[in-house]
Amino acid sequence: MPKIPIKKMRNFGIIAHIDSGKTTVSERVIYFTGKSHKIGEVHEGAATMDWMKEEQERGITITAAATSVEWRGHYLNVIDTPGHVDFTAEVERSCRVLDGAVVVFCAVGGVQAQSETVWRQADKYKVPRMVFVNKMDRVGADFFSVVDQIRERLDANPLPIAYPVGGGDELQGIIDLVGWRYLRFEGANGEKVTELPIPDDEMERATELRQTMYEQVAQESEDLMEKYLENESLSQEDLMVGIREGVKHYLFQPVLVGSALKNIGVQLMIDAVVDYLPNPEEVHSMNQFALEDTLHQEPIPTHPDPDAPLRALVFKIMTTPHGELSFVRVYQGTLRTGDQIFCPNQQKKERASRLVKLHAMQQTAIDEVAAGDICAVVGLKFAATGETLTPENNQAVLEGITFARPVISMAIEPKSNQDKEKLAHALAKMEREDPTFQRHIDPETGQLIISGMGELHLEVLQHRMLDDFKVDATVGKPRVSYRETITKECEVRGKHVKQTGGSGQYGDCIVKIRPMTDEERATGEEFVFVNQIKGGAIPKEYIPAIQEGCKAELTRGHVAGYPVIGVHVTLVDGSFHAVDSSEMAFKAAGQLAIRLAYDKLGVQILEPWMKVEVESPDEFTGNCIGSLNSKRAMISETLNRGSLAVIRGEVPLAEMFGYTTDLRSLTQGRASFTMEPADYKAVPQSMINDIAKKS
């Protein structure tokens, strides 16, 4: 494979709410770029990017799939991500390594629940993005309403650079405001793009929209503003430069439109990816990825230089029928087949046995991958998701990836002794693949518990165990992952003194314990420990042991045995014994301090709440609201969207098991809903005893 200049590369993902048409868009990208000679349809279970059996049967994307295509002399790495909230980790890790994103919105549904989530994920990793309003062929499609929703609900700055002529069954074509032309997409698969003059009856609206576009682009540059004020317009070249700079610096998001299913507008979208999304070199110049020197604790900037020392990030691990693949983004240097590399976090040596480029599940072997590019590596044994690959003699650690904690659990056990070892192997593989999937042994019951992001997440994993790993297992009913927290503060002394024959144990610490502030919680931390020891009251080598002891005790809980979160501990004083003190003694002192403090801290149980959005025909709105109210929901708004009512609010996860069936029976199967994690909230007093008994 020839070397690709970094300026000719684009790494972008397609992200959206479930059922907005992401995979359909991806399939058209593959087809129009010549990567495939046949369009794979999601509704037929034949989509190239949905290669898993579960994806084909359910018609949804479950795991992010990657491919590489060429367009106008540029090399595009494309990642198609899931839209369902249970698989949000796939979007999270994809956003971490992307240089740009195409956010797909349904022209009828507009900004939906998961749209907000993926937009926030792109904000978190500072991903430049553009918008594709899809499904303009559907009845009720409204392009300009979607643009308004993006502005209002996402606090974004959408910039329409194209708009549709007609909509629904009357969708005729697209006005390209930058190229100032009317495009018709004809032929068996829309492959023939015909350029026509803008129709007279569209000229007034097109002129108005183009003027607005001039003003919005010109505002972002003094040079462009000067040209605009002189001529009251901008040349097409100036306009394209201005849009590119605006996207690169997160100032606005170009909005395109079409219908992927009807093969309308996709070529214009791929052109926009090449013209407006930044290349890897530009992303580096805007946003240096944090590096930490593991030897000297000094930050080191990365440079997309293929000759510099290797810095690569493992962002996804996937088990396939052909073995385990590690998806890697190279930020600096060059990774070659057979290279011996190092994983600083694990302090383990690795070998890149084979490098491959992926087209969904099809693998093409390559010899090397340089800075700015993405590939999959065969042969890594230790590197987990979010870890860095470097040379052993030049170690550094890239900023990792943070994932949401599981919110739902269930017990699992093999149906036979023969399956016991196979089950352990399968769960270990899936836990390595998926950072939001966890397993542990319940210390009281001895049961094996698996945890994930939702019912569908665990159901898919259960089916994978049977299909991929040939393990037959029985699972219990889903259980909510409750938490505990504190509401008061106190100061307490934990003094562990034990004298036996010979040397004894002596650990003594005084800690202040308080609830974390909202700002501290916003960082995602669940426990904060601060050392304020002065004058050497406790030797510094014992401080980590106290922290470890406090943390260990908090994981056991107090009221019902659930982990205690949102706790800030400050070590203020203590004492030690020159002979009897040890790390073990101070760990015990930390645990004792937490145990003694519990009764003063006002511990309460928390339960996960979910943001919920129900879409229902108008006539069933009352039924849906009544059902949600019976589930302790807090309804925030009800909107009309054509003939549909949209009900938004928050509801406890514990009340939502089996809600799909309930909603179908209430609405004759015509309503749908989506959920995503919102926050943990206090459990009503009347429920605490029941929860404590069940735990």
Side-chain angles (χ1 to χ4, degrees), residues 17-20 58-60 82-88 106 108-117 140 149 153 404 406-410 452-460 475-483 605-691 694:
H17 178 90
I18 189 171
D19 210 25
S20 295
R58 296 172 185 270
I60 62 171
H84 198 287
V85 65
D86 283 20
F87 310 106
T88 188
C106 172
V108 179
V111 176
Q112 298 166 281
Q114 191 67 5
S115 308
E116 298 181 30
T117 303
Q149 289 178 47
R153 292 192 59 188
V407 296
I408 185 172
S409 304
M410 58 174 66
M453 298 303 295
E455 287 182 276
L456 179 60
H457 187 197
L458 293 182
E459 185 183 326
V460 167
V475 296
K477 289 184 178 179
R479 302 188 315 170
V480 175
S481 296
Y482 292 97
R483 296 286 185 268
I605 298 179
L606 302 176
E607 63 179 338
W609 278 58
M610 311 293 284
K611 281 184 184 177
V612 66
E613 183 174 292
V614 178
E615 281 191 5
S616 166
D618 279 335
E619 61 262 37
F620 302 113
T621 305
N623 291 352
C624 294
I625 290 175
S627 171
L628 288 171
N629 284 334
S630 72
K631 296 179 180 298
R632 298 191 283 132
M634 295 167 55
I635 295 172
S636 57
E637 61 179 342
T638 304
L639 307 170
N640 287 322
R641 189 180 288 158
S643 62
L644 293 177
V646 180
I647 305 160
R648 295 194 182 112
E650 294 186 0
V651 64
L653 175 62
E655 304 285 351
M656 294 300 283
F657 294 136
Y659 185 62
T660 301
T661 305
D662 295 346
L663 189 63
R664 283 175 183 158
S665 63
L666 286 170
T667 64
Q668 299 174 9
R670 294 168 63 193
S672 62
F673 79 101
T674 56
M675 290 195 308
E676 62 172 289
D679 198 4
Y680 276 90
K681 297 182 183 180
V683 169
Q685 197 66 33
S686 59
M687 296 175 58
I688 289 177
N689 287 339
D690 286 343
I691 292 171
K694 288 178 183 176

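Here the structure is a predicted model, which means the values were calculated and not measured. Just the heavy atoms: all of them, side chains too, but no hydrogens, waters or symmetry mates, feed the values below.
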* To do: Can you measure from CD1 (I647) to CD (E615) and round to the nearest 0.5 angstrom?
  => 10.0 Å

* How many angstroms lie between atom CZ of F657 and atom CZ of R479, to the nearest 0.5 angstrom? -> 10.0 Å

* Asked: Would you find a donor on one side and an acceptor on the other, under 3.5 Å apart, between the side chain of S627 and the backbone of C624?
  -> no

* **Closest non-hydrogen atom pair between P684 and E607, with its separation** => CD-OE2, 4.0 Å

* Asked: Is R153 atom CZ crowded by more than 12 heavy atoms from other residues, nucleotides or ligands, each under 6.0 Å away?
  -> yes

* Asked: Do other residues, nucleotides or ligands put more than 12 heavy atoms under 6.0 Å from E637 CD?
  -> yes

* What's the spacing between S616 OG and L666 CG if we round to 0.5 Å? -> 9.0 Å

* Asked: Shortest non-hydrogen contact from S115 to G110?
  -> OG-O, 4.1 Å

* May I ask you to test the L653-M675 pair for a side-chain heavy-atom distance under 4.5 Å? => yes

* Side-chain contact test, heavy atoms from C-beta onward, threshold under 4.5 Å: evaluate it for P617 versus L644 and give yes or no. => yes

* Atom OG1 of T621 and atom CG of N640: how far apart are they, to the nearest 0.5 Å? -> 7.5 Å

* Asked: Is there a side-chain contact between V651 and F673, using heavy atoms and a 4.5 Å cut-off?
  -> no

* **Side-chain heavy-atom pair D662, K631 within 4.5 angstrom cut-off** => yes

* So do L458 and V475 actually touch side chain to side chain, heavy atoms under 4.5 Å? -> no

* Asked: Do M687 and R632 have side chains that get closer than 4.5 Å, going by heavy atoms?
  -> yes

* To do: Mind checking the CG-OG1 spacing from D19 to T674? Nearest 0.5 Å is all I need.
  => 11.0 Å

* Closest approach of Y482 and A654, non-hydrogen atoms and distance? -> OH-CB, 3.8 Å

* Taking the side chain as C-beta and beyond, is there a heavy-atom pair between M656 and M610 under 4.5 Å? -> no

* Asked: Is there side-chain contact between V460 and F87, with heavy atoms separated by less than 4.5 Å?
  -> yes

* Using a strict 4.0 Å threshold on nitrogen-to-oxygen distance, state whether R648 and E116 make a salt bridge. => no

* **salt_bridge(K611, E676) N-O dist < 4.0 Å** => no

* **Heavy-atom closest contact (S20 atom, Q112 atom, distance)** => OG-OE1, 4.0 Å

* So, for V683 and L606, which heavy atoms are closest and what is the spacing to 0.1 Å? -> CG2-C, 3.9 Å

* **Side-chain donor or acceptor of Q149 paired with backbone N/O of V111 under 3.5 Å** => yes

* From OG1 (T638) to CD1 (I625), nearest 0.5 Å -> 4.0 Å

* For H457 and G452, which heavy atoms make the closest approach, and how far apart are they? -> ND1-CA, 3.6 Å

